[in-house]
Amino acid sequence: MFIGTIFIQVIVPILILVVIGACLQRKFSFNLRAISNLLTYCLMPAAVFINLYETEIDGQVLLEIMGYLVVFSLLLILVTSVLSKFLRLDKGEAAIFKNSISLINSGNYGIPVSQLLFQATPLGISIQIIVMVFQNILTYTYGLYNLIAATKSGWDIMKSLLKMPVTHAMLLGGLLNGLHVPIPGFLWTPISHLSDAFLAIALILLGAQLAQIQIRTIFNRTIIVSSIGRLVIGPAVSLMLIFLIGLDGIVAQSLFIASSFPTSRNSSGLALEYDVYPDLAAQTVLFSTILSGVTVTFIVYLSTILFV
């Protein structure tokens, strides 16, 4: 029931933009670092700001979800730390590996899936938006720290984090949301345009990165283990935690499904920005996204048995 619908409506649109990026790169040989800078310093902060500013949900449900997300993320971070040591990865590879499992594509993948599954239940979509916002925060704190720490240390890491526009966008979006401050139309319109541009440009950039990669190099130990970690271990940890906390209904179903999405595209963009194994990061995003067509479908089916 879900297999064809999820694949056609979610996976295929993502892959089309990735293929467009790959074709354009082969023809025009873009300056990928320049495009990455455009995303990191302009489009991405706008998207994060709008997501934080517009998110609304009941306080009690929000506390439950945030408690789950914090514990879930800490467990994944612990698992990835153990696995990276077991695989004996160097500092840069370990950073990419940890991010590939801990950081989830909750935006351009998660939101469409939730809109498809929870058309009659707005709470399900609202929960996915919260997960997306949390993942944005995790990406530009823990995920960014991993990459910066691979090349810098101490005060340099803190300065790099504070200089990131997305950090300011998160703080400002959350503050204005909490204070219910209206944003004038002449400011909201350009911010919205920048946010709308983020998804397409980000996926085109990913395709451009992948155009420079030989497909056979995808099949290596690090990428395979990280994809298993993201698509199999992640949902398993989520299910265990949901049962331990005692969540049920739409909340449990939404969080379980949200744990199954592939590696965040942002992890690849940041790897390119900081020049920490960008090819490995892009390959992992591609491989996990392709495999997710099967694994996410199974998780969705399982969630309907367990929680509905």
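All of these numbers come straight from a predicted model, not from anything done at the bench.
The distance from the CG atom of L175 to the CE atom of M170 is 13.5 Å, given to the nearest 0.5 Å. The OG1 atom of T304 sits 11.0 Å away from atom CD1 of I299, with the distance rounded to the nearest 0.5 Å. Taking CG from L255 and CD1 from I250, the interatomic distance works out to 11.0 Å, rounded to the nearest 0.5 Å. Between S267 atom OG and L280 atom CG the span is 10.0 Å, to the nearest 0.5 Å. Interatomic distance, OH of Y68 versus CG of L247, reported as 8.5 Å (0.5 Å rounding). One distance of note links CG of L306 with CD1 of I242; it measures 9.0 Å at 0.5 Å rounding.
Every side chain to side chain contact (heavy atoms under 4.5 Å, CB included) that V70 has, sequence neighbours left out, goes to L74, F134. A search for side chain to side chain contact (heavy atoms under 4.5 Å, CB included) contacts involving L172 returns F49, L176, not counting sequence neighbours. Applying the side chain to side chain donor-acceptor pair (under 3.5 Å) rule to S292 yields the partners Y109; only residues at least two apart in sequence or on another chain are considered. F97 meets the ring pair (Phe, Tyr, Trp, His ring centres under 6.0 Å) test with no other residue; sequence neighbours excluded. In terms of the side chain to side chain donor-acceptor pair (under 3.5 Å) criterion, residue partners of N146 (sequence neighbours excluded) are, by chain and number, N99, Y142. S102 is linked by a side chain to side chain donor-acceptor pair (under 3.5 Å) to nothing, counting only residues two or more places apart in sequence or in another chain.
Taking every heavy atom of both residues into account, A271 and A281 meet most closely at CB-CB, 3.6 Å. Annotation for S303 and F256: closest pair CB-CD2, 3.8 Å, computed over non-hydrogen atoms. Between A282 and L210, the shortest heavy-atom contact is O-CD2, 3.4 Å. Minimum heavy-atom separation, T284 to S100: CG2-CB, 3.6 Å. Shown here for R221 and L89, the closest heavy-atom pair between the two residues is NH2-CD2, 4.4 Å. Of all non-hydrogen atoms in S268 and V285, the two that sit nearest each other are CB-CG2, 3.8 Å.
M132 and I50 are not part of a single hydrophobic cluster, where members link through side-chain heavy atoms under 4.5 Å apart. V48 and L179 are not part of a single hydrophobic cluster, where members link through side-chain heavy atoms under 4.5 Å apart. One hydrophobic cluster, built from ILVMFWY side chains closer than 4.5 Å, cannot hold both L171 and I137; they sit in different ones. Hydrophobic clustering places M66 together with V237 (ILVMFWY residues linked when any side-chain heavy atoms are closer than 4.5 Å, directly or through intermediates). Residues V19 and L24 are members of separate hydrophobic clusters, defined by side-chain heavy-atom contacts under 4.5 angstrom among Ile, Leu, Val, Met, Phe, Trp and Tyr.
Residues R265 and I14 form no side-chain contact, since every pair of their non-hydrogen atoms from C-beta on lies 4.5 Å or further apart. The shortest distance between side-chain heavy atoms of P45 and H168 does not fall below 4.5 Å. For the pair F287/P262, no side-chain contact is recorded, criterion being any heavy-atom separation below 4.5 Å from C-beta on. Residues Q135 and L103 form a side-chain contact, since some pair of their non-hydrogen atoms from C-beta on lies under 4.5 Å apart. Under the 4.5 Å side-chain criterion, counting only non-hydrogen atoms from C-beta, F307 is not in contact with I257. Looking only at side-chain heavy atoms (C-beta outward), N177 and E54 stay at 4.5 Å or farther from each other.
In this structure, L63 stands alone, with no Ile, Leu, Val, Met, Phe, Trp or Tyr side-chain heavy atom under 4.5 Å from its own, directly or through other members. Hydrophobic clustering, defined by side-chain heavy atoms of Ile, Leu, Val, Met, Phe, Trp and Tyr closer than 4.5 Å, leaves V294 isolated from every other such residue.
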Without placing hydrogens or testing angles, list every side-chain donor-acceptor pair under 3.5 Å for residues 28-37, not counting sequence neighbours.
| from | atom 1 | to | atom 2 | distance (Å) |
| --- | --- | --- | --- | --- |
| N31 | OD1 | R33 | N | 3.2 |
| N31 | OD1 | A34 | N | 3.2 |
| R33 | NE | L272 | O | 3.4 |
| R33 | NH2 | L272 | O | 3.2 |
| S36 | OG | E273 | OE1 | 3.3 |
| N37 | ND2 | R33 | O | 3.4 |

Let me have the donor-acceptor pairs involving side chains of residues 77-84, under 3.5 Å, with sequence neighbours excluded, atom names and distances please.
| from | atom 1 | to | atom 2 | distance (Å) |
| --- | --- | --- | --- | --- |
| T80 | OG1 | L76 | O | 3.1 |
| T80 | OG1 | I77 | O | 2.8 |
| S81 | OG | I77 | O | 2.9 |
| S84 | OG | T80 | O | 3.1 |
| S84 | OG | S81 | O | 2.9 |

Show me the donor-acceptor pairs, under 3.5 Å and distance only, between side chains in residues 191-208 and residues at least two apart or in other chains.
| from | atom 1 | to | atom 2 | distance (Å) |
| --- | --- | --- | --- | --- |
| S192 | OG | W188 | O | 2.9 |
| S192 | OG | W188 | NE1 | 3.1 |

Throw together a table of side-chain donor-acceptor distances under 3.5 angstrom for residues 224-234, partners on residues two or more places apart or in other chains.
| from | atom 1 | to | atom 2 | distance (Å) |
| --- | --- | --- | --- | --- |
| S226 | OG | T222 | O | 3.1 |
| S226 | OG | I223 | O | 2.9 |
| S227 | OG | I223 | O | 3.0 |
| R230 | NE | I101 | O | 2.8 |
| R230 | NH1 | S259 | O | 2.9 |
| R230 | NH1 | F261 | O | 2.6 |
| R230 | NH2 | I101 | O | 3.4 |
| R230 | NH2 | S259 | O | 3.4 |

*Check the pair F72 / V131 against side chain to side chain contact (heavy atoms under 4.5 Å, CB included), numbers first and verdict last.*
CA-CA 11 Å; F72 173 66; V131 173; over 6 Å; no
*Would N136 and N266 count as a side chain to side chain contact (heavy atoms under 4.5 Å, CB included) if you check the C-alpha gap in whole Å, the side-chain angles of each, and the deciding distance to 0.1 Å?*
CA-CA 9 Å; N136 279 332; N266 292 339; 4.0 Å; yes
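Of the possible donor and acceptor atoms, none in the side chain of S254 sits under 3.5 Å from a partner among the backbone N and O of V251. A donor-acceptor distance shorter than 3.5 angstrom exists from the side chain of S288 to the backbone of T263, with no hydrogens or angles considered.
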